[in-house]
Every structure is written in structure tokens, then in C-alpha cells.
Amino acid sequence: MAQEPYRAPRGTEDLLPEKVRIYRKLEEEARRILEVHGYREIRTPFFEETRLFVRSIGEVTDIVEKEMFTVSRGGESSYSFRPEGTASVVRAYLEHNFHKRRPFQKFFYIGPMFRYEKPQKGRQRQFWQIGAEALGSSDPRLDAEMILLVLDFFERLGLRGLEARINSIGDKADRDRFREVLKEWFRPKLDDLCPLCRDRYNRNVFRILDCKVETCKELRRGVPEFLDHLSPESLAHFEAVKKTLDMLEVPYRVDPSIVRGFDYYTHTVFEIPYEKLGARSALCGGGRYDDLIAELGGPSLGAVGFSIGVTPTLIALEMEGLLEEVSPGGRPDAFLVPIGPEQEDEGFRLAVNLRRAGFAVLFDHQGKGLRARLKLAARERCRAALLLGEEERKRGVVKVRDLDRGEEMDVPAGPELEARLLSLREEARAGSEEGAP
RNA sequence: GUGAGAGUAGCUCAGCUGGUUAGAGCGCCAGACUGUGGCUCUGGAGGUCGUGGGUUCGAAGCCCAUCUCUCACCCCA
């Protein structure tokens with residue numbers, strides 16, 4: 001019986017060094033832009049009590065009903081790996097009494113989320129999100145700020161021409177009223193809807209609004225829009241968001257078909273679509289959730305947030321040919337090459353000392369020959385090869401080979417060698433700037 | 001959860017309707033060059049053809065099951 005090889009679990013992947021570099025670049029850009037806007041990083045546990053997600057995301061949502069990784073041990077409560085980030089942030093906000101100390105807080109998080117789903121393009125069981133939450137205020141300027149910030153982030157990565165889609169789903173009373181309006185409107189057409197939509201009619205009428213089946217699209221002609229059924233207060237909030245977006249010259253379009261999947265959303269909801277993505281067509285989704293803090297046991301305070309999908313973002317960057325730009329990678333300063341077995345120890349010592357002085361120095365540990373080591377040095381794009389043979393050692397020098405020019409010179413080990421490596425580093429930098437437009 | 005396609009060397013793939021020792025390119029290792037990289041040439045290693053079962057004189061190919069990947073639906077980042 002042949003043993004099955006070990007593999008990463010379905011829907012997960014190993015982020016190999018090359019990819020980690022890209023992730024870090026994304027994270028770096030996100031942290032920068034978020035911190036400039038006053039958001040501070042928060043790190044919550046990867047799992048929470050299951051009831052937290054049930055309460056926040058909603059009991060009858062697909063995520064809670066069938067997409068959570070849930071574990072229970074003995075008599076303890078049931079725990080679930082977080083399928084999204086907002087619930088945890090709000091929980092932490094309340095647990096640490098921010099609402100009593102300084103109710104207005106801006107947090108962001110970067111980390112993996114987990115959903116038990118069938119993997120496909122841009123959709124995995126463990127996936128990374130970059131998210132932000134502004135808690136303790138209902139200021140429509142924050143809704144606009146979120147959208148602006150996200151578009152700026154994508155722009156910085158090189159994704160241009162993106163546009164936000166926004167909509168308002170009002171408050172709970174608005175939704176209860178509109179739900180009835182929709183049901184009333186669809187009732188006579190019920191038999192002509194697709195089977196799925198007939199199910200949606202009872203589960204969540206709103207979702208019929210974004211069904212992609214042609215016959216349903218046809219039937220939807222002249223369907224009432226949420227925006228026409230908002231209370232004056234809700235409408236005023238939405239108008240204020242749009243006004244702010246206009247003022248900030250943020251590109252957006254009102255799209256009545258945007259209905260988010262979590263129960264906690266209220267008022268403003270938005271997405272940043274990227275058409276070429278396929279099954280996962282949004283790079284980012286977000287919205288206001290003015291009832292959630294109270295729902296989780298806190299005071300009645302407004303909040304708004306978004307989350308960016310790292311995987312879809314990477315797919316978009318790849319499609320636009322931007323991955324190389326995002327991740328140029330660094331060059332090691334040198335490859336230390338002892339010549340002859342007697343020099344191995346001394347060479348290793350020299351490599352370690354240079355590393356302690358801050359230089360990135362590679363060393364061969366596979367017993368390769370001189371030529372093979374130089375080959376490695378070239379492949380790793382080292383700036384220099386440091387050759388240490390018997391001759392050099394006797395004279396207390398190291399032969400520094402400039403791998404870009406092919407020139408060699410003997411340099412005394414010590415401060416002079418470090419100076420030489422520094423100057424090679426500078427040269428390379430000047431060279432790369434010359435090449436830039 | 002539903003449906004479709006695909007799994008052959010480290011990677012990308014070829015392998016006609018089942019027929020003898022399963023191939024290429026790239027990569028890897030070594031040599032040409034015993035103290036010098038990127039180029040070239042030569043040689044080498046590396047495969048139970050995803051896994052298990054079945055049909056057959058004979059299976060990488062056909063059938064069944066299973067796993068994984070990909071894509072779509074559902075849903076969503």
C-alpha cells in the first residue's frame with residue numbers, strides 16, 4: 001500500500017518566499033496608507049466563539065450555515081475559525097472598553113480568514129484580507145474616506161481606472177419595509193423566476209436583485225429600487241456620502257444591485273469590482289454597520305468598514321502585468337567563495353563577520369566546486385564574489401570580484417573590505433536609477 | 001452542496017483510434033575550463049504516467065471508484 005504524499009490541505013497554499021515578498025509589499029503599502037489615515041493595527045485571534053459569528057454575520061447566511069470551520073473540545077464552547085474580520089474587531093473593541101474610554105477608534109487588520117468552501121479562481125479556504133474599521137461614529141465622511149482610501153491603495157499598486165459601486169440599504173426599518181415592497185412586487189411573477197430565485201424569495205428577497213439569469217433580469221424591469229424607499233434620514237446619509245465623494249473627486253457609481261451578504265450591514269454598502277476576475281468579481285467589499293456594536297452588547301454606536309481580498313488583488317495585478325513592478329526583490333552583497341578545503345573555515349568566519357556588520361553574504365554548504373559557486377553567485381544576483389584562497393590568506397587580503405563588470409581587486413580584510421562592498425552597493429543603486437525612466 | 005474539464009521527469013508539456021526499452025524543452029548535476037559566473041558543447045541523474053481496482057494476450061490511453069487541481073453555479077474577499 002503506497003503512502004499518500006503529504007500535501008497542504010485543500011483550499012490552502014504555501015506562500016513560498018517569492019510570493020511572501022509580494023504579500024509583504026502589499027501589506028507595507030496598506031499599512032502606510034492606513035496609518036496616514038489614522039488607522040492602527042489590531043491583531044485578534046484566528047478563532048473566536050462560534051456564537052460571535054452567528055450573532056454578527058447572521059444565522060441564516062451561507063457563511064454561518066455551512067462555511068465555517070468549527071471545532072469543539074470537551075465541555076468548552078464551540079469555536080470557529082474567523083470567516084471575516086469585523087466581528088472580532090468589534091468584540092475586541094467592546095472587551096477592552098474602548099466604547100467607554102474613547103468611543104471613536106480606527107483599526108485595521110491584516111491576516112488569514114477561513115471558510116469551508118469549494119476552491120476556485122480567487123477563492124480558497126484560507127485567504128488573506130486587509131481590512132479596516134472606523135468605530136463609534138456615523139459620520140458619512142467616514143464612509144467616503146473608506147472608499148477613497150481603498151481606491152488610493154489600488155492606485156498605488158498600479159491598478160488604475162477602478163471605480164467604486166455604492167448603494168444604500170437603509171436601516172433595519174427601511175429594510176423591513178422594502179422587503180415587503182419587493183415581495184409584493186415579485187409575487188405575481190413568482191412562477192416565472194428561476195428556481196433559485198424562487199428560493200431566494202423566501203430566504204432573502206434582496207438577492208433576486210443581483211441574479212444573473214437572463215429571464216430574471218427581464219422580469220426585473222421596473223423593479224422598485226431601495227433608494228426610493230429609504231426614510232428621509234437614511235436618504236440624507238446616503239446623499240451626504242455621495243456629496244463627500246464628489247467633493248473628494250472619488251470615481252464611483254450608484255449601483256442598486258449591490259446587496260451585501262452579511263446581516264450586519266446598514267446604509268452604505270460598496271464594492272470595488274474588477275470584471276476580469278471571474279467567480280470572484282470584487283477586489284474589496286465594505287459598508288456601514290450601525291447596529292452591530294449594540295447587537296454585540298455595546299452601546300448604540302455607528303461604524304463602517306471594508307475588507308480587501310488579497311488573492312483577487314494578486315490576480316488583478318498579475319493580469320495587468322504588475323507583479324514584477326510590485327516585487328523587485330533585493331540583491332545580496334556578496335557570495336563568499338573559499339578556494340580549497342583549508343580555507344572553508346576561515347571563509348565561513350569571514351562571511352559570518354560580514355553578516356554581523358550588516359552585509360547580505362551567501363555561502364555554499366553543499367561542498368560545490370569553485371565554478372559551481374560562482375554560478376550560484378551569478379544566479380542569486382550577488383553584487384560580488386569574495387574569493388579567499390591560500391595566496392590571499394597569506395597576504396591578509398580577499399579577492400573582490402565585481403560580478404557586474406567582471407573586474408577583480410585584492411582588498412585587505414577588515415574596514416577596507418566593508419568599504420568596498422558598500423561602494424559596490426552604491427554603484428548598483430546608481431546604475432538602477434540610470435535605467436529608470 | 002451541484003455541474004464540467006484536467007492530473008505523464010523539479011517546471012511547461014508531447015505521446016495518433018490500447019502494442020515492445022515513456023519523450024522534448026527548460027531546470028538540476030558533472031566535465032570541456034585541476035583558482036573564476038552569465039555563452040557554447042558533451043555526458044549524466046531523475047517517472048511504480050495522481051492513487052486503488054477492473055477489462056484485455058497487452059493499459060499512460062478504455063471502464064469504475066477515490067484524491068487533488070482548475071473552471072462554472074450557489075455564496076462571497
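Scope of the values below: all heavy atoms of this structure, side chains included, with no hydrogens, waters or symmetry mates. Letters A, B, ... are given to chains in the order of the sequence lines, protein chains preceding strands, and every chain is numbered from 1.
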Spacing of the [atom1] atoms in [M] and [N] (rounded, Å):
N: B/G18; M: B/C63; atom1: C1'; answer: 13 Å
N: B/C49; M: B/C33; atom1: C1'; answer: 40 Å
N: B/C29; M: B/A9; atom1: C1'; answer: 15 Å
N: B/A59; M: B/U70; atom1: P; answer: 32 Å
N: B/U20; M: B/C26; atom1: P; answer: 27 Å
N: B/G38; M: B/A30; atom1: P; answer: 13 Å
N: B/G7; M: B/A14; atom1: P; answer: 8 Å
N: B/U51; M: B/G10; atom1: P; answer: 13 Å

Figure out the [atom1]/[atom2] separation between [X] and [N], and round it to whole Å.
X: A/Glu117; N: B/A72; atom1: CD; atom2: P; answer: 13 Å
X: A/Met113; N: B/A77; atom1: CE; atom2: C1'; answer: 9 Å
X: A/Arg198; N: B/C74; atom1: CZ; atom2: P; answer: 15 Å
X: A/Lys66; N: B/U2; atom1: NZ; atom2: C1'; answer: 10 Å
X: A/Gln124; N: B/C75; atom1: CD; atom2: C1'; answer: 16 Å
X: A/Ile208; N: B/C74; atom1: CD1; atom2: P; answer: 13 Å
X: A/Tyr265; N: B/C76; atom1: OH; atom2: P; answer: 11 Å
X: A/Phe53; N: B/C76; atom1: CZ; atom2: C1'; answer: 16 Å

Starting at the 5' end of RNA chain B, which residue's closest nucleotide do you reach first, A/Arg10 or A/Arg115?
A/Arg10
For A/Thr12 and A/Tyr116, find the nucleotide of RNA chain B closest to each by heavy atoms; which residue's nucleotide sits nearer the 5' end?
A/Tyr116
Sugar-phosphate atoms are those with a prime plus P, OP1 and OP2; base atoms are the rest. Using that split, label each nucleotide of nucleotides 32-37 of chain B B, S or - for protein heavy atoms under 4.0 Å, 5' to 3'.
BB-BBB
Tell me whether A/Lys172 at atom NZ has more than 12 heavy atoms from other residues, nucleotides or ligands lying less than 6.0 Å away.
no
Please check if atom CD in A/Glu318 has more than 12 non-hydrogen atoms from other residues, nucleotides or ligands closer than 6.0 Å.
no
Is the [X]-[Y] ring centre distance short of 6.0 angstrom?
X: A/Phe114; Y: A/Phe69; answer: no
X: A/Phe81; Y: A/Phe46; answer: no
X: A/Phe226; Y: A/Phe206; answer: yes
X: A/Phe363; Y: A/Phe348; answer: yes
X: A/Phe108; Y: A/Tyr39; answer: no

Using a heavy-atom cut-off of under 4.0 Å over every strand shown, decide if [X] touches base, sugar-phosphate, or nothing.
X: A/Phe262; value: sugar-phosphate
X: A/Arg373; value: nothing
X: A/Gly85; value: nothing

Do the side chain of A/Glu271 and the base of B/A77 come within less than 3.5 angstrom through a donor-acceptor pair of N or O atoms?
no
A/Arg123 (side chain) and B/C75 (base): donor-acceptor pair under 3.5 Å
yes
What is the distance from atom CD1 of A/Ile169 to atom CZ of A/Arg175, rounded to the nearest 0.5 Å?
4.5 Å
Once you apply the 3.5 Å cut-off to both distances, tell me the Watson-Crick or G-U wobble partner of B/U20, or none.
none
Residue pair A/Ile166, A/Lys242: steps toward the side chain to side chain contact (heavy atoms under 4.5 Å, CB included) verdict
CA-CA 9 Å; A/Ile166 70 169; A/Lys242 288 198 291 182; 4.0 Å; yes
Establish, with yes or no, whether the OP1 or OP2 oxygen of B/U70 is under 4.0 angstrom from a side-chain nitrogen or oxygen of A/Gln120.
no
So, OP1 or OP2 of B/G3: does either fall under 4.0 Å of a side-chain N or O from A/Lys118?
no
